[in-house]
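Just so it is clear, the values below take in all heavy atoms, side chains as well, and ignore hydrogens, waters and symmetry mates. Sequence lines set the chain letters: A, B, ... in the order given, protein chains first and strands last, and positions in each chain run from 1.
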There are 2 protein chains.
Amino acid sequence: MRIIKDEKTVRGYLEKHSFQDIFSFDISPYTTVVFFDAGDEICRQDERPEYLYYIFDGTIKLFFTQRNGKTYIIDFLKAPCFIGEAELLVENTYTRGVTALAKCGSFKIDIKKCGQMLLEDPVFLRYICRYQVEKSTRFTQNYGHNKAYPLKVRFAEFILMNSRNDIYREQHTEVAEFLGVSYRHLLYVLSDFVDRGILEKAEEGYRIKNRRELEKLAQKD
Amino acid sequence: MRIIKDEKTVRGYLEKHSFQDIFSFDISPYTTVVFFDAGDEICRQDERPEYLYYIFDGTIKLFFTQRNGKTYIIDFLKAPCFIGEAELLVENTYTRGVTALAKCGSFKIDIKKCGQMLLEDPVFLRYICRYQVEKSTRFTQNYGHNKAYPLKVRFAEFILMNSRNDIYREQHTEVAEFLGVSYRHLLYVLSDFVDRGILEKAEEGYRIKNRRELEKLAQKD
DNA sequence: AAACACATGTGAGATTTCTCATATTATTTA
DNA sequence: TAAATAATATGAGAAATCTCACATGTGTTT
C-alpha cells in the first residue's frame, strides 16, 4: 500500500479521472490517493470502514465469509467502482471483505469529515444511486444465471471472458468459489473440456483449442 | 385495479403513509392512488414504465423470464417498496416483470411530469440510495445462501418465515422458482419433512408439527 | 533443508437435484 | 357446462454436484 498526500499529485489524479464531477463541492481537501498491491486488504469484513474508496484503476474482489467458515466471492469489480458507499448510506449494514486482485489506484475519502456533506449532495447521490442500480442489476442477472445453467455452460462463458490470446489462466480455487461450485466439480468439468479437445494444458495455463465449441457451450439459448 | 384520483382521498393516503417526507417538493400534484388485486400485472417485463410506484400495502413478486422461457422469481417484496426506481435513474436498464401477490395499495407517480425534479431532490435521492443499498445487501445475502445449503435447509427456513399459526400454505410452484429448484425436488423435500413428522398435511395447508426440528434444519452453523 | 501452506490433480461413492411421464384435483375460461 | 389451464402429487432413472481421501508440485517461512 502506498499513500500519496502531496496536494499537487492528488490534484493531478483528481483531474485525470474527472473525480470532481461527481460532487457539487470541492472534494480535494478530504481526499488522498492510495495504491494497493495485489492481495492487499482494502476493507476487513465486519469492520465499519472509516473511508469511502473510489477505485479508479485495477480490480478488486468482494467476498464474505459465513459463520460456517465458507467464503463466497460476491463479485470481481473492475475500476471504476466504490467501496464503502453502502456503509456511508446505511448505518447498520453488513460490511464485506475487500481485497485487491491486481494493482489498484484509488481515492480515499475521509467520511468522518465530509460524510454529512456527501449525504446532502444531489450530484453525488444521483451518481451513487445509478451506480447501485447498475450493480444490483448485474447481480440479479448473474444470479438467475448461476441457477439456470449447469457449470459447463457458466464455466465456458467464464473462460471466454477471462482469457487472452487463447490462454486461460485463472486460479481454479477462486473461480470455483465465484461460480459457486466445489473445487472438485470445477476440475471435473475442466478435464472434460480437455478430453473433448476444447482446451489443452499448456505451460502458461490452458490453451483454447476449439473456440467455436466453447462458444456453443456458453450460449444459453 | 382501482384508480383513485380524488384529491382529498389521495391526500388522506399521502398523510397516512408520510409519503411527503421522502420529497423536498410537493409530490401530490403528480400522484394518484392505485389498488391492485392479487395477480394483477403492475409492470410488464421489458417495457419501460411510465410511472414510479410506491407500494404502501401488500406484497409483490419480482421476476424475469429468460430467452429460454424459464422464469425466475427475483424476490418477494413486501410494502413499503418502490417499483420503477431503477428505470427512473438509469436509462438503459432492463425492466423486470412485477405482479401483485396479494392486494396492494400504491402511489403512482407520473415521472414524465416530475422525473427531473426527482433526480435533483437530495431527500428523495438519499432515500432511494438507502433503499437500493438495503435491497442489494439482501440479495447478496440470499445469493450466497442459496448456493451454500441444500434445499432442505433453505426450505426449512422459508417455511418458518412464511407460516402463521403453525400453518404453511404457500404455492409450491412459486416457492420452487424462488428457491431456485425444480418443482419436483421441492416436493421430494416437502414429503421428506412430512415423513419425518416435521410437517403434517392439513385442510388449510401444512401444519408445523415439530418446530424445533425445523429450526434445527434451518440453522446453518 | 525441513516444514508449512496452498494450488493442482485424480478416484470413489454419496447426495442433491433434474427431466420426463403420468394422475388427480382445483380453477379459469370459452 | 365443457374444455382448457394450472397446481398438486408421485415414480423412475439420470445428471450434476458434493464430500472425503490422497498424491503432487511450488513457493514461503524458519
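Between A:Leu217 atom CG and D:dA16 atom C1' there is a gap of 15 Å when expressed in whole angstrom units. In this structure, A:Leu187 places its CG atom 16 Å from P of D:dG25, rounding to the nearest Å. Between the CD atom of A:Glu170 and the P atom of C:dA7 there is a distance of 14 Å, rounded to whole Å. Atoms CG (A:Asp192) and C1' (D:dA15) sit 13 Å apart, rounded to a whole Å. Rounded to whole angstrom, the span from the CZ atom of A:Phe193 across to the P atom of C:dT10 amounts to 15 Å. Rounding to whole angstrom units, CZ of residue B:Phe178 and C1' of D:dA7 are separated by 20 Å. We find that CG of B:Leu186 is positioned 13 Å from P of D:dA7, with the value rounded to whole Å. Summarising the geometry, the separation between NE2 on A:His172 and P on D:dG25 is reported as 17 Å, rounded to the nearest angstrom.
Between A:Phe56 and A:Tyr13, the distance from one ring center to the other falls under 6.0 angstrom.
Using a 4.0 Å cut-off between charged side-chain N and carboxylate O, A:Arg211 and A:Asp166 make a salt bridge. Using a cutoff of 4.0 Å between basic side-chain nitrogens and carboxylate oxygens, A:Glu50 and A:Lys112 are scored as salt-bridged.
At a threshold of 4.0 angstrom between heavy atoms, the contacts of A:Tyr206 are confined to the sugar-phosphate backbone, with no base atom among them.
When distances run from any side-chain atom of A:Arg184 to the nucleotides C:dG11, C:dT8, D:dT8, the shortest one goes to C:dG11.
By the 30° and 60° cut-offs, the orientation of the rings of B:Phe107 relative to B:His17 is perpendicular.
Heavy atoms from other residues, nucleotides or ligands lying under 6.0 Å from CZ of B:Arg169 number 12 at most.
Side chain of A:Thr59 to backbone of A:Leu77: no donor-acceptor contact under 3.5 angstrom is found.
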Could you write out each protein N or O paired with an N or O of nucleotides 15-17 of chain C at a distance under 3.5 Å?
residue : atom : partner  : partner atom : Å
C:dT16  : OP1  : B:Lys152 : NZ           : 3.4
C:dT17  : OP1  : B:Leu151 : N            : 3.4
C:dT17  : OP2  : B:Leu151 : N            : 2.9
C:dT17  : OP2  : B:His185 : NE2          : 2.8
C:dT17  : O5'  : B:His185 : NE2          : 3.3

